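Report on the following structure.
Residue numbers count from 1 along this sequence. Quick caveat, the model's predicted, so the values are computed rather than measured.
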Amino acid sequence: MKIKDAEIISLMQNPRTQEKGVRALMDAYQSRLYWHIRRIIVDGDLAQDTLQETFIKAYQNFHQFKNDSQLYTWLYRIATNEALQQVNKMKKMQKTDEDPEYYMQNLVADNTEGDAEEIQLILQNAIQSLPEKQKLVFMMRYYDDLPYEEISKIVDMSVGTLKTNYHYAKQKIEEYIKENYER
């Protein structure tokens, strides 16, 4: 039985049932948030750590949750901020010769199962090559199928700007794939 957001919120707001609320929150959103974070960070272990940080922040700051947005919108915003902080930390530690393409190629270097894997690798490389805002908007819209209005609340950007970023991201990805996919 799936628990509804209203029940989770009620459990989280009561100090006696808060622990049960945290478990329900994690059960309800763990998978979706993990894959959202994973698309930003790529590394599975780091994505899992970031997911845990997301739930810790949500628990510590639940008193700041206002019912003016959906619960998952609030959680996605926290997850996005945590993931972007991790990306910034990685960029600071990363050597200049290790750009996203190099990292992605090494991630699946021994994978030789054909065109589907090659296309997937090229798509991931294309996404990783996008500017941060475009990458974020593209992933939320393309992978998570979130409406622009929800993305707008998560990233604090106007819907018009989001649509423009998504359009440019799609164009850049298409160009990247055309340039890098050899048949």
Side-chain angles (χ1 to χ4, degrees), residues 25-58 69-94 98-111 113 115-157 159 161-181:
L25 183 75
M26 291 175 72
D27 288 344
Y29 292 104
Q30 187 166 358
S31 181
R32 286 175 72 189
L33 290 174
Y34 171 78
W35 287 108
H36 169 67
I37 292 167
R38 180 74 190 265
R39 287 185 204 98
I40 296 171
I41 293 182
V42 180
D43 178 84
D45 292 335
L46 191 54
Q48 189 65 42
D49 291 346
T50 304
L51 176 65
Q52 294 308 314
E53 285 298 316
T54 298
F55 284 121
I56 290 169
K57 287 265 171 78
S69 67
Q70 293 184 15
L71 186 56
Y72 81 84
T73 303
W74 184 71
L75 291 169
Y76 265 49
R77 187 171 193 146
I78 295 171
T80 300
N81 288 339
E82 288 297 310
L84 291 176
Q85 284 178 3
Q86 284 296 337
V87 167
N88 288 335
K89 285 180 191 175
M90 288 188 315
K91 281 182 182 176
K92 288 178 183 174
M93 294 187 309
Q94 198 173 43
E98 291 183 357
D99 62 1
E101 280 186 53
Y102 174 83
Y103 180 74
M104 289 300 294
Q105 286 168 351
N106 286 338
L107 190 62
V108 290
D110 351 324
N111 191 351
E113 289 193 26
D115 285 350
E117 285 79 10
E118 182 182 357
I119 291 170
Q120 186 64 20
L121 175 62
I122 291 170
L123 174 61
Q124 290 304 316
N125 286 338
I127 292 169
Q128 292 302 317
S129 73
L130 293 172
E132 277 311 312
K133 284 183 184 177
Q134 289 177 9
K135 183 188 327 182
L136 195 56
V137 171
F138 180 82
M139 290 188 300
M140 288 179 165
R141 182 78 178 149
Y142 181 79
Y143 288 114
D144 297 328
D145 199 28
L146 293 176
Y148 287 114
E149 293 75 20
E150 291 298 319
I151 299 171
S152 174
K153 292 175 184 173
I154 293 167
V155 298
D156 197 26
M157 195 183 297
V159 172
T161 303
L162 288 172
K163 288 180 178 180
T164 301
N165 274 293
Y166 184 72
H167 174 74
Y168 284 134
K170 277 188 0 185
Q171 278 183 327
K172 288 176 183 178
I173 288 170
E174 287 171 12
E175 289 170 13
Y176 188 98
I177 290 171
K178 285 176 187 174
E179 291 172 11
N180 293 283
Y181 182 62

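- Closest approach of A79 and T54 over heavy atoms only: CA-OG1, 3.5 Å.
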Please lay out, stage by stage, how L71 and L25 fare under the test side chain to side chain contact (heavy atoms under 4.5 Å, CB included).
-> CA-CA 9 Å; L71 186 56; L25 183 75; 3.7 Å; yes

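- Here the closest non-hydrogen pair linking R38 and D43 is NE-C, 4.0 Å.
- Of all the heavy atoms in R77 and I154, the pair that sits closest is CG-O, 3.1 Å.
- Of all heavy-atom pairs spanning R39 and M139, the tightest one is O-SD, 2.9 Å.
- Counting heavy atoms of neighbouring residues, nucleotides and ligands inside a 6.0 Å radius, atom OH of Y166 exceeds 12 of them.
- Taking the side chain as every heavy atom from C-beta outward, D49 and Q86 never approach each other to under 4.5 Å.
- Note that the CG atom of N125 and the CD1 atom of I177 stand 10.0 Å from one another [nearest 0.5 Å].
- A distance of 10.0 Å separates CD in Q128 from CG in L123, rounded to the nearest 0.5 Å.
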Checking side chain to side chain contact (heavy atoms under 4.5 Å, CB included) for the pair L33/F55: CA distance, chi angles, key distance, verdict?
-> CA-CA 10 Å; L33 290 174; F55 284 121; 3.9 Å; yes

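- Using a 30° and 60° split on the angle between ring planes, F138 and Y143 fall in the perpendicular class, above 60°.
- Between L136 and L84 the shortest side-chain heavy-atom distance falls below 4.5 Å.
- Taken to the nearest 0.5 Å, the CG atom of D156 stands 13.5 Å off from the CD1 atom of I151.
- Looking only at side-chain heavy atoms (C-beta outward), M26 and Q52 come within less than 4.5 Å of each other.
- Counting heavy atoms from C-beta outward, Y76 and L146 have side chains that approach closer than 4.5 Å.
- In this structure, L51 and Q30 have side chains that are in contact, with non-hydrogen atoms separated by less than 4.5 Å.
- Considering only heavy atoms from C-beta on, H36 comes within 4.5 Å of M140 through its side chain.
- Note: Q134 CD to T164 OG1 = 10.0 Å, rounded to the nearest 0.5 Å.
- When the shell of 6.0 Å around OH of Y148 is examined, it contains more than 12 heavy atoms from other residues, nucleotides or ligands.
- Between T161 and K133 the shortest side-chain heavy-atom distance does not fall below 4.5 Å.
- For the pair E132 and K135, the salt-bridge criterion is met [side-chain N within less than 4.0 Å of a carboxylate O].
- When side chains are defined from C-beta on, H167 counts as touching Q171, because their heavy atoms get closer than 4.5 Å.
- Taking all atoms of both residues into account, the shortest heavy-atom contact from R141 to P147 is NH1-CA, 3.6 Å.
- Between I78 atom CD1 and E82 atom CD the span is 8.0 Å, to the nearest 0.5 Å.
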Side chain to side chain contact (heavy atoms under 4.5 Å, CB included) between K170 and Y142, worked out | CA-CA 10 Å; K170 277 188 0 185; Y142 181 79; over 6 Å; no

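- Contact detail for A58 and W74: the closest heavy-atom pair is O-CH2, 3.5 Å.
- Residue pairs meeting the salt bridge (Lys or Arg N to Asp or Glu O under 4.0 Å) criterion with at least one member in residues 25-35: none, sequence neighbours excluded.
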